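Fair warning: this is a prediction, and the values are worked out from it, not measured in the lab.
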Amino acid sequence: MAAAGPTAVLSSGKTMPLLGLGTWQSTSEQVINAVKTAIDAGYRHIDTAQVYGNEKDVGQAVKEKIAEGKIKREDVFVTTKLYTTFSRPEHVREAMTQSLADLGLDYVDLYLIHSPINFKYGTDPFTYAGNPEEIYDDVDFIDTWRGMEPLVDAGLAKSIGVSNFNSQQLERLLQNSRIKPAVNQVELHPYLAQQDLVDFCKKNNILLTAFSALGAPARPKVFASGEEEPVLMEDPSVVAIAKKYGKTSAQILLRYHLDRGVSVIPKSVTPSRIQANFDIMDFSLSKEDLASLGQLDRKLRYVGANLFVTHKYYSY
């Protein structure tokens, strides 16, 4: 795959670019423009999800860039995710088929179980007016995974993985899977370093992908704790390291992940920031600076820590 920037070979044998574009919380027009801008800037990894409601837009942008001759299909790594209401094994292929139709693709490069926390088929936990426990589904994520594995056999997903899983859940999945999870996508940044999870995934050849790597400054209120939280990009240590390297705080935070061997998918719809987020290939952080950032860990989760805590498979 012709990819700009560092890559990793997954347990599936497929190659994945470590730096990608996140597309959560973007309007239709924003997503189309952002993906096209990112591809022009050199990105070859685009991350979306069924629940984001923008798979059609991602697919349109990719299709336009292929038509322009800027890329071939095999040049771009597309990730999408199984929504939590399709977690019963009999519904997994239905969701995959719909995502492929919306993306306008014959296959995705990576398909993730979006969360081990599941809800009843046909519901929407983010708009449900009642007690969310009423729509919980306790389907075992092992059973969901057994619905995922045939997608690889059928060529619909080149690799499969998970998102928002903890190490105990990953261990159980590893012990009960025919195809091992290639990726685990989680919130990760210096305030939530999760070193034990990083070590576990490296030991078991699972690539970690970091979301909310910049501290999720624009996340919806439903995901926030309601308390005043520190701004990661304004942390004095981050600012000082950025000054040392002549980079922005965002660039330092993204390079932090690459230097830990972690994939990262910053979201932006601003062309200058999309480009700046990609311009991190010309330096690496010293061991001392990586250690300094590691010392900022305060177990602070910006996204979703207080949601659905009573679910059987709550993972935080």
Side-chain angles (χ1 to χ4, degrees), residues 10 16 20 22-25 47-52 79-88 92 95 99 108 110-120 123-126 132 135-145 147-148 157 159-174 176-177 180-189 191-202 204 206-216 219-220 222-225 257 262-267 299-316:
L10 302 176
M16 174 173 148
T23 61
W24 183 39
Q25 296 178 258
D47 180 273
T48 182
Q50 185 179 36
V51 71
Y52 299 169
T79 298
T80 194
K81 308 175 190 78
L82 174 76
Y83 190 36
T84 56
T85 58
F86 289 86
S87 295
R88 292 199 167 268
V92 171
S99 285
V108 292
L110 179 63
Y111 196 46
L112 304 178
I113 295 177
H114 206 145
S115 173
I117 299 172
N118 302 314
F119 298 88
K120 292 178 181 177
T123 65
D124 185 342
F126 295 109
I135 58 170
Y136 280 174
D137 192 333
D138 64 356
V139 58
D140 194 326
F141 58 78
I142 299 298
D143 292 329
T144 306
W145 189 256
M148 297 278 284
S159 304
I160 52 177
V162 297
S163 182
N164 297 298
F165 275 53
N166 61 38
S167 56
Q168 291 79 19
Q169 292 167 333
L170 287 172
E171 179 64 48
R172 184 163 171 260
L173 185 56
L174 286 167
N176 292 277
S177 56
K180 305 305 178 186
V183 169
N184 183 26
Q185 187 179 121
V186 298
E187 180 177 349
L188 209 62
H189 44 73
Y191 283 172
L192 186 68
Q194 301 205 73
Q195 189 60 51
D196 288 347
L197 182 61
V198 172
D199 293 341
F200 177 90
C201 287
K202 286 183 178 179
N204 289 281
I206 300 170
L207 181 67
L208 268 180
T209 295
F211 69 74
S212 299
L214 305 180
R219 71 198 185 287
V222 67
F223 289 104
S225 68
H257 290 296
V262 171
S263 168
V264 62
I265 46 169
K267 174 258 177 177
K299 309 294 188 293
L300 173 61
R301 192 177 297 276
Y302 285 105
V303 179
N306 298 322
L307 288 176
F308 316 126
V309 295
T310 58
H311 195 283
K312 179 179 180 179
Y313 294 117
Y314 180 74
S315 56
Y316 305 137

Would you call [X] and [Y] a side-chain contact if the rule is heavy atoms closer than 4.5 Å?
X    : Y    : answer
V162 : P116 : no
L112 : F165 : no
H114 : N164 : yes
T48  : T80  : yes
T310 : Y136 : yes
Q185 : I265 : yes
I142 : L173 : yes
P125 : I135 : yes

Please round to the nearest 0.5 Å and tell me the distance separating atom [atom1] of [X] and atom [atom2] of [Y].
X    : Y    : atom1 : atom2 : answer
N184 : Q194 : CG    : CD    : 8.5 Å
R301 : L188 : CZ    : CG    : 9.5 Å
K180 : N204 : NZ    : CG    : 9.5 Å
I117 : T84  : CD1   : OG1   : 8.5 Å
S177 : M148 : OG    : CE    : 11.5 Å

Mind listing the closest non-hydrogen atom pair of [X] and [Y] along with its distance?
X    : Y    : value
E187 : S212 : CG-CB, 4.0 Å
N176 : R172 : ND2-O, 2.8 Å
A213 : V264 : CB-CG2, 3.5 Å
S263 : M16  : OG-CE, 3.4 Å
Y314 : F308 : CD1-O, 3.3 Å
F119 : D137 : C-CB, 3.5 Å

Item to complete: Test W145 against I160 for side chain to side chain contact (heavy atoms under 4.5 Å, CB included), laying out the working first.
Response: CA-CA 9 Å; W145 189 256; I160 52 177; 3.4 Å; yes
Item to complete: Kindly indicate, with the supporting measurements, whether the criterion side chain to side chain contact (heavy atoms under 4.5 Å, CB included) is fulfilled by F126 and L307.
Response: CA-CA 10 Å; F126 295 109; L307 288 176; 4.2 Å; yes
Side chain to side chain contact (heavy atoms under 4.5 Å, CB included), paired with [X], selected from [options]:
X    : options                : value
N118 : D138, L82, V139        : V139
K81  : V51, V108, D47         : D47
V186 : V262, N166, V198, L208 : L208

Fill in: Under 3.5 Å donor-acceptor, T144 side chain and S87 backbone
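A pair under 3.5 Å: yes.
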Fill in: Residues in ring-ring contact (aromatic ring centres under 6.0 Å, His included) contact with Y313, at least two apart in sequence or another chain
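So Y313 forms a ring-ring contact (aromatic ring centres under 6.0 Å, His included) with F141.
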Discussion item. Once ring-ring contact (aromatic ring centres under 6.0 Å, His included) is applied, do any residues pair with F86, and if so which ones, sequence neighbours excluded?
Written reply: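 Expected list: Y121.
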Item to complete: I would like to know whether C201 and L170 meet side chain to side chain contact (heavy atoms under 4.5 Å, CB included); could you show each step before the answer?
Response: CA-CA 9 Å; C201 287; L170 287 172; 3.8 Å; yes
Practice prompt. Give the intermediate values and the outcome of side chain to side chain contact (heavy atoms under 4.5 Å, CB included) for residues L300 and L192.
Written response: CA-CA 5 Å; L300 173 61; L192 186 68; 5.6 Å; no
